[in-house]
There are 2 protein chains.
Amino acid sequence: MFLTQRNQYALRAIVELAKRVGTGPVKVSEIAEAQAIPRRFLEVILGQLKGSGLVTAKRGYHGGYILIGEPEKITVGSVIRYLQGEPDPKDCQTCVFKLQCPTDRECAFASLWNRVNEAVFGIFDETTIQDLVEGEKVVES
Amino acid sequence: MFLTQRNQYALRAIVELAKRVGTGPVKVSEIAEAQAIPRRFLEVILGQLKGSGLVTAKRGYHGGYILIGEPEKITVGSVIRYLQGEPDPKDCQTCVFKLQCPTDRECAFASLWNRVNEAVFGIFDETTIQDLVEGEKVVES
DNA sequence: AATAAACCCGACTTAAAAAGTCAAGAAAGA
DNA sequence: TCTTTCTTGACTTTTTAAGTCGGGTTTATT
């Protein structure tokens with residue numbers, strides 16, 4: 001609901017890479033199997049992730065993907081922001097979410113959407129990939 | 001992103017009805033025009049909303065829709081919960097959001113999704129239709 | 001050098017969900 | 001009785017997401 005299937009796949013792939021930090025390149029097919037993601041589709045997704053600088057790839061015989069940063073320092077929020085890209089200028093920016101408001105400036109929902117957005121990214125930003133690897137982290141604060 | 005276009009229409013329609021509480025039935029075409037919603041589509045949506053008991057309709061000459069409860073007592077959360085209906089049993093219930101987890105019980109995302117969901121509905125539940133009518137309310141938690 | 005294992009890239013297809021439309025019918029007031 | 005307005009369910013269109021495919025390039029091994 002909050003994330004597309006594709007973006008969940010991306011996060012899962014990063015988590016999988018995080019689990020194997022230090023063990024050399026991880027093949028797409030390994031990640032695909034571990035996380036039950038269609039291999040071809042995952043190739044597309046990892047290709048996109050390379051652009052984020054979070055991940056790099058090595059080609060050839062013992063090739064595969066490698067997580068660049070440290071899992072404790074990568075937040076879920078930063079990944080999601082990258083995946084979502086720039087907001088579509090055709091959408092209403094006040095409402096953050098979808099399409100133009102009929103009532104341009106006086107959007108009754110603006111405040112609500114802002115609060116929701118802040119709450120959600122507040123959580124995303126305080127959750128790291130390492131937290132996900134560890135499975136169930138309850139954030140203090 | 002959090003709400004479909006359709007569900008936003010539904011909320012807008014309720015807000016429009018709330019604005020006119022006490023002035024008798026409001027025609028679909030009036031709501032449609034005020035909120036820039038395709039009339040035929042709005043008929044479908046209002047039909048659905050009748051099932052919630054939030055709204056009732058009067059037919060014929062001076063017919064239209066009427067909000068049943070008081071805008072201060074209707075929360076956005078209750079409306080959205082109604083609109084979204086029962087969660088699809090095919091989806092992963094632990095993750096609250098989409099599809100089955102590949103890693104059934106040990107879903108790394110379960111805690112994250114729960115926290116996000118609670119945060120979002122926390123906001124939805126403390127926001128009333130009246131708050132939306134008033135335009136910009138900053139909730140004092 | 002040849003081979004095989006990987007990633008790389010862009011275009012393509014399919015599938016699913018959401019958005020929107022339509023026609024004919026039933027109630028209610030004028 | 002006539003007009004207005006909601007009612008219903010099925011239908012169509014549009015958009016977005018998901019997933020596939022073929023042929024190419026890089027790299028380690030032998």
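Below, each value reflects all heavy atoms present in this structure, side chains not excepted, and no hydrogens, waters or symmetry copies. Owing to the predicted nature of the structure, the values given are computational and were not obtained by experimental measurement.
- At whole-Å resolution of the value, CZ in B:R39 and P in D:dT5 are 10 Å apart.
- Salt bridge status for B:E43 with B:R39: present, with a side-chain N to carboxylate O gap under 4.0 Å.
- At the heavy-atom level, B:R6 lies under 4.0 Å from the strands shown only through sugar-phosphate atoms.
- In this structure, A:L49 atom CG and C:dC8 atom P are separated by 12 Å, rounded to whole Å.
- Proximity of B:Y9 to the phosphate of C:dA18: no side-chain N or O atom is located under 4.0 Å from OP1 or OP2.
- The shortest distance between side-chain heavy atoms of A:I129 and A:L17 does not fall below 4.5 Å.
- Picking from D:dT5, C:dG20, D:dT7 the nucleotide with the shortest atom distance to the side chain of B:K27 gives D:dT5.
- Considering only the side chain of A:E43, C:dC7 comes nearest among C:dA23, C:dC7, D:dT20.
- Between the side chain of A:R40 and the base of D:dG22, at least one donor-acceptor pair of N or O atoms lies under 3.5 Å.
- In the set C:dG20, D:dT25, D:dC21, the nucleotide with an atom closest to the side chain of B:Q5 is C:dG20.
- Between the CD atom of B:E30 and the C1' atom of D:dT4 there is a distance of 13 Å, given to the nearest Å.
- Nucleic acid contact class of B:V44 (heavy atoms, under 4.0 Å, all strands): base.
- Atom OH of B:Y65 and atom P of C:dA28 are 14 Å apart (whole Å).
- For B:R59 and C:dA30, the CZ to P distance is 17 Å, given to the nearest whole Å.
- In this model, the phosphate group of C:dG29 is approached by a side-chain N or O of B:K58 to a distance below 4.0 Å at OP1 or OP2.
- Taking the six-membered ring where the residue is Trp, A:F124 and A:F121 present perpendicular rings, their angle passing 60° and hence far from 30°.
- Atom CD1 in B:I37 sits roughly 16 Å away from atom C1' in C:dT21 (whole-Å rounding).
- In this structure, A:N7 and A:Y61 both approach DNA chain D, and ranking their closest nucleotides by distance from the 5' end singles out A:N7.
- Between A:L42 atom CG and D:dC21 atom P there is a gap of 16 Å when expressed in whole angstrom units.
- Among the nucleotides D:dT26, C:dA18, C:dT21, the one closest to the side chain of B:T4 is C:dA18.
- Listed nucleotides: C:dA18, C:dA5, D:dG19. Nearest to the side chain of A:F41: D:dG19.
- Using a 4.5 Å heavy-atom threshold, the side chains of A:I45 and A:R6 count as touching.
- Distance B:I45 CD1 to D:dT7 P: 14 Å, rounded to the nearest Å.
- Salt bridge status for A:R20 with A:E16: present, with a side-chain N to carboxylate O gap under 4.0 Å.
- Salt bridge absent: A:E118 and A:R115 never bring a charged side-chain N and a carboxylate O closer than 4.0 Å.
- Look at B:K50 and you won't find any side-chain N or O under 4.0 angstrom from OP1 or OP2 of D:dC6.
- Phosphate contact (OP1/OP2 of D:dT4, side-chain N/O of B:H62, threshold under 4.0 Å): absent.
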